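Worksheet for the structure shown next.
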Amino acid sequence: MSQRELPAAFVSADVEGPLYDKWLAAGYFTASAESSKEPFTIVIPPPNVNGSLHIGHALDHTLQDILIRWKRMKGFEALWLPGMDHAGIAMQNVVEKQLALQGLTRHDIGREEFVKKVWEWKQEYGGQILGQMKRLGDSVDWSRERFTMDEGLSRAVLTIFKRLYDAGLIYRAERIINWCPRCMTAISDIEVDHSDDEGELISIRYGDGDSAIVVATTRAETMLGDTAVAVHPDDARYSHLIGKMIALPLVNRQIPIIADEHVDPEFGTGAVKVTPAHDPNDFEIGLRHNLENIVVLSAQAQIENTGTEFDGMDRFVARKAIVEKLRTEGRIVSEKRPYIHAVGHCQRCETTVEPRLSKQWFVKVAPLAKAAGDAVRDGRVRIEPSSLSPRYFEWIDNMHDWCISRQLWWGHRIPVWYGPNGEIVVTGPGESAPAGYIQDSDVLDTWFSSALWPFSTLGWPDETESLKKFYPTSVLVTGYDILFFWVARMMLFGLFAMDGVPPFHVIALHGMVRDKFGKKMSKSRGNGIDPLEFMDRYGSDAVRFTLARGANPGADLALAEEWVAGARNFATKLWNATRFAIMNGANVEGELPSVESLGAIDRWILSRLNETIVEVDDLLEKFEFARASEIVYHFAWDDLCDWYLELSKETFASSDSAKSQRVLGLVLDQLLRLLHPTMPFVTEELWTAFTGGESLVIASWPTSNPSHQDEEAKKIVAQLQEVVTEVRRFRNDQGIKTSQRIPGRFTLSSEVSNYESSLRYVLRVDQPAEGFSPGASIEIGQVKVEFDLSGTVDVVAERARLTKDLATARKDHETALVKINNENFMAKAPEKVVIEIRERLATTSADIERITVQLSQLPQA
RNA sequence: GGACCGUUGGCUCAGCGGUAGAGCGCUUCGUUGACAUCGAAGAGGUCACUGGUUCGAUCCCAGUACGGUCCA
């Protein structure tokens, strides 16, 4: 093992790429199912095949990589499994847009050709994000990379579909679903984003004379499909009308007035129009009252089949036209515009979603959701932070059946075949339908296949060694925004497919990355942050450290460029500290000298190192990335660089430096290990140069050493720090430059008497020469430092300094005194606290006395 | 309407029952013996409000106000 010289400056761009290549070539990231080590598994939330690395991925990946690298160093067989999602609608939209440039639609080229084009697109442009993950340093096992549409995962899809179907948990039914008229497909409830939009609320009079009834609607065009008017059964205003028929305007259809509990008598007139084919609530009413379902909107959301002049009109055009016509007929009672109400939009294209009666495939979720809820309730799966679990329960316990069919071409085709007489055959892997059967033309929701991700990627349905070794996964790390989309669905399918074994032990949720003011990033605000740009400018380590440092469990984090620059500065600090260590002979050769043989400064840094190791380990175990990062940062910059190195410089320059050189060697070695999961590149570069070791990736994680814990050393160094700070303050107040050497006399307490030369070195205070005549002094507890400023003491500054100290001491003394005089406090407070307050009282009164004397001795200005 | 979270220095956030912390920003000084991508010294918070519990509350409890997120 030998040390290597380091260049004067750290240039991240020069080292990152080569280091990652080195790690890949060495195969460090490859996990083996044959290993005897305990497994630690994370499956990556598969990014969309057409996606590129955004700041949210950077956060998500950084946290996962920290855990994986940490556990790998701790001796686990760490598997981080990468891959991508085929991204159904999103991907199909990309290729459709491409076709549109040539003036084509997918229908022009046909299904087979279209799907071929999507695959071609994937080959050529897909997977951009994979290279970006390498830049970030993701230590994923590339040999296991998977794609939701690859052969193995497709087999998993067929297998689970058939099993669910055979178990009666997949069914086909005519229901109201969310229909996107632009994507021309059904979408599930959670693929609909609701926003409060400006619309109109139109009150329309149905019928005439005594039997007239007024209903209100925001979607006037749907009235063409009304098949009833409903009122609450207890509503006295309408009791005489229940059971009567009334004429539906414009189409002149006779519809019944019915009574249904569902109607809210407080809302509007208390009477509602019922359109079972175009509203989920109305559909339910229709079922209860055997109403006819009249579909009046086409797949493109145009009016159809009404036999009116509105047929063929777009829904929004028709809305206006119908209101206009009703107005001319004198049927409009009132119009409210704008009327703000919740409107659903397609998550992928923002088109207003149309509730539409349609025949689709569904997963019957009740039994699956019960199991998924129970797994968390009984503690087999833990949600971190636990404060987010109510959100999970609320959703999973009230989950509606999941519409899984999509009228798309890109995706897993539904393995259902229809016979000539309406027979239905579901085919599993390798099975085929009887001749003449026709396959369902729809594909499955993209989340259907990603729900299988934790086990399909490990070889399921085969009982592979990998599946046995790495399932269930250890922890799932993801943003709370996809708790429902993905996490809950993995729970549903994982428990079902794996005989009740949940897909992960822990769900560790993080928040969203926001801008420096905590505002949501959005295109319209123009406040988006590109992680790749920041990596270019400040290095991957800096981006990673900034994200980790902000990552409090389940909470959003703000990000600013200046903070990334600060993290880059931290990397530079480590770089320079390591250069200093090498220059000063720090090393990792041989045994550490016995603790008893070491001075207090060395013992102190070992003690602090030990505390840091314990705390970091504990915090990472709790997914407290922010606090763990904070702890190491503080240890590295403040304790090691600002204090240990400064207080030790004198020792390193002396002939008695060997023991401290070894201590610094150990501390730096361990510190770089602690930081490696978060800042893999710079630590690797430094550690290999410093220790001559092969790689930090496979180095062992530091373990705590209780014998290094040293309260005495901590007290001594605390005293040294206080002396240094007070003298610096004095020098500052007196306008004495840091670089200027001044003579001074130290009168030290017994604890710190051995460290006078260190103090002199740090403070640039020379031994008093002949004729030393102290004109100013500072007292810190038992320690006194005197200076001969040859009568040039700035009395005004000195008086200000002492006056301030006196005020502080008096205030502290006062608060302590109040407690001591409080009988209840003395009687009930714990012994430890009482002692502490007594001590404070004593020190503050000594301070007050001392400062008062000093002030009185100051010459009059 | 339901659920949850937040309200701490200029900004973003930790802390959480015994004298308020960090990063960034700000002020002053400094080309020092690894580091100006730096160092030193500072300024700056009645911890949203009102009650309660307690010897003691930023921290626990209740309520209020304001902000945010998710679901309907």
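Because the structure is predicted, anything quoted here is derived from the model rather than measured. Below, read A as the first sequence line, B as the second, and so on, with proteins coming before strands; counting in each chain starts at 1.
Checking B:A34, B:A72, B:G18 against every side-chain atom of A:H194, the shortest atom distance belongs to B:A72. Out of B:C35, B:A40, B:U69, the shortest distance to the side chain of A:Y480 is found at B:U69. Distances from the side chain of A:E646 to the nucleotides B:U32, B:C35, B:C5 place B:C35 closest. Counting only heavy atoms from C-beta on, A:P390 has its side chain closest to B:C4 among B:C35, B:C70, B:C4. Looking at the side chain of A:N822, the nearest of the listed nucleotides B:C5, B:C55, B:A14 is B:C55. Set against B:U12, B:G18, B:G15, the side chain of A:R627 has B:G15 as its closest nucleotide. If you check B:C5, B:C71, B:G18 against the side chain of A:E394, the one that comes closest is B:C71.
Applying the side-chain hydrogen bond (donor to acceptor under 3.5 Å, both in side chains) rule to A:K804 yields no partners; only residues at least two apart in sequence or on another chain are considered. The side chain to side chain contact (heavy atoms under 4.5 Å, CB included) check on A:E611 picks up A:S607, A:R608, A:E615, A:Q709, A:K714, with sequence neighbours excluded. For the salt bridge (charged side-chain N to carboxylate O under 4.0 Å, His left out) test, residues two or more places apart in sequence or in another chain that qualify with A:E836 are A:R840. Remark: A:T352 pairs with A:R315, A:F316, A:V343, A:H345 by the side chain to side chain contact (heavy atoms under 4.5 Å, CB included) rule, at least two apart or across chains. Partners of A:K649 by salt bridge (charged side-chain N to carboxylate O under 4.0 Å, His left out), not counting sequence neighbours, listed by chain and number: A:E646.
Along RNA chain B, the nucleotide nearest A:N824 and the nucleotide nearest A:F484 are compared for position; the residue whose nucleotide lies closer to the 5' end is A:N824. Of the two residues near RNA chain B, A:V762 and A:D556, the one whose nearest nucleotide lies more 5' is A:D556.
Within 6.0 Å of the CD atom in A:Q721, the count of heavy atoms belonging to other residues, nucleotides or ligands exceeds 12. Enclosure of atom CZ in A:R741 by more than 12 non-hydrogen atoms of other residues, nucleotides or ligands within 6.0 angstrom is indicated. Remark: A:Q740 CD is packed, more than 12 non-hydrogen atoms of other residues, nucleotides or ligands lying under 6.0 Å away.
Side-chain atoms of A:R514 and base atoms of B:U12 include no donor and acceptor less than 3.5 Å apart. A donor and an acceptor atom never sit less than 3.5 Å apart when one is taken from the side chain of A:S739 and the other from the base of B:U32.
In secondary-structure terms, RNA chain B builds stems of at least 3 consecutive Watson-Crick or G-U pairs, each pair having both distances under 3.5 Å, at B:1-7 with B:65-71, B:10-13 with B:21-24, B:26-30 with B:38-42, B:48-52 with B:60-64.
Counting only residues at least two apart or in different chains, side chain to side chain donor-acceptor pair (under 3.5 Å) contacts with residues 805-822 of chain A comprise A:R729-A:D805. Screening residues 546-555 of chain A for side chain to side chain donor-acceptor pair (under 3.5 Å) gives A:R549-A:E630 as the qualifying pairs, with residues at least two apart or on separate chains.
Among the protein residues, A:N552 comes within range of the sugar-phosphate backbone only, with heavy atoms under 4.0 Å from sugar or phosphate atoms but none that close to a base. Among the atoms of the strands shown, none is found under 4.0 Å from any heavy atom of A:R537. When heavy atoms are screened at a 4.0 angstrom cut-off, A:A827 is found touching no nucleic acid atom at all. Heavy atoms of A:R391 sit under 4.0 angstrom from at least one base atom.
Counting to the nearest Å, the C1' atom of B:C70 and the CE atom of A:M512 are 11 Å from each other. Straight-line distance from the CZ atom of A:R579 to the C1' atom of B:U37: 13 Å, rounded to whole Å.
A donor-acceptor contact closer than 3.5 angstrom is absent between the side chains of A:D638 and A:Y633. Between the side chains of A:W687 and A:D669, a donor-acceptor pair is found at a separation under 3.5 Å.
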Contact letters for nucleotides 19-25 of chain B, in which S counts primed atoms plus P, OP1 and OP2 and B counts the base, heavy atoms under 4.0 Å
B--SBS-
Look for any protein N or O under 3.5 Å of an N or O in nucleotides 43-45 of chain B and output each such pair with its distance, or none.
unit_1: B:A43; atom_1: OP1; unit_2: A:K804; atom_2: NZ; d: 2.4

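Proximity of A:K573 to the phosphate of B:G39: a side-chain N or O atom is located under 4.0 Å from OP1 or OP2.
Interface residues of residues 724-737 of chain A facing RNA chain B, ordered by number: A:T725, A:R728, A:R729, A:N732, A:K737; criterion, heavy-atom separation under 4.0 Å.
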Name the atoms and distances for all side-chain donor-acceptor pairs under 3.5 Å in residues 557-574 of chain A, with sequence neighbours left out.
unit_1: A:E561; atom_1: OE1; unit_2: A:R537; atom_2: NH1; d: 3.3
unit_1: A:E561; atom_1: OE2; unit_2: A:R537; atom_2: NH1; d: 2.6
unit_1: A:E561; atom_1: OE2; unit_2: A:Y538; atom_2: OH; d: 2.7
unit_1: A:E562; atom_1: OE2; unit_2: A:K516; atom_2: NZ; d: 3.0
unit_1: A:T572; atom_1: OG1; unit_2: A:R568; atom_2: O; d: 3.1

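Using a 4.5 Å cut-off on side-chain heavy atoms (C-beta onward), A:E16 and A:M535 make no contact.
A salt bridge does not link A:R544 to A:D541: none of the charged side-chain nitrogens sits closer than 4.0 Å to a carboxylate oxygen.
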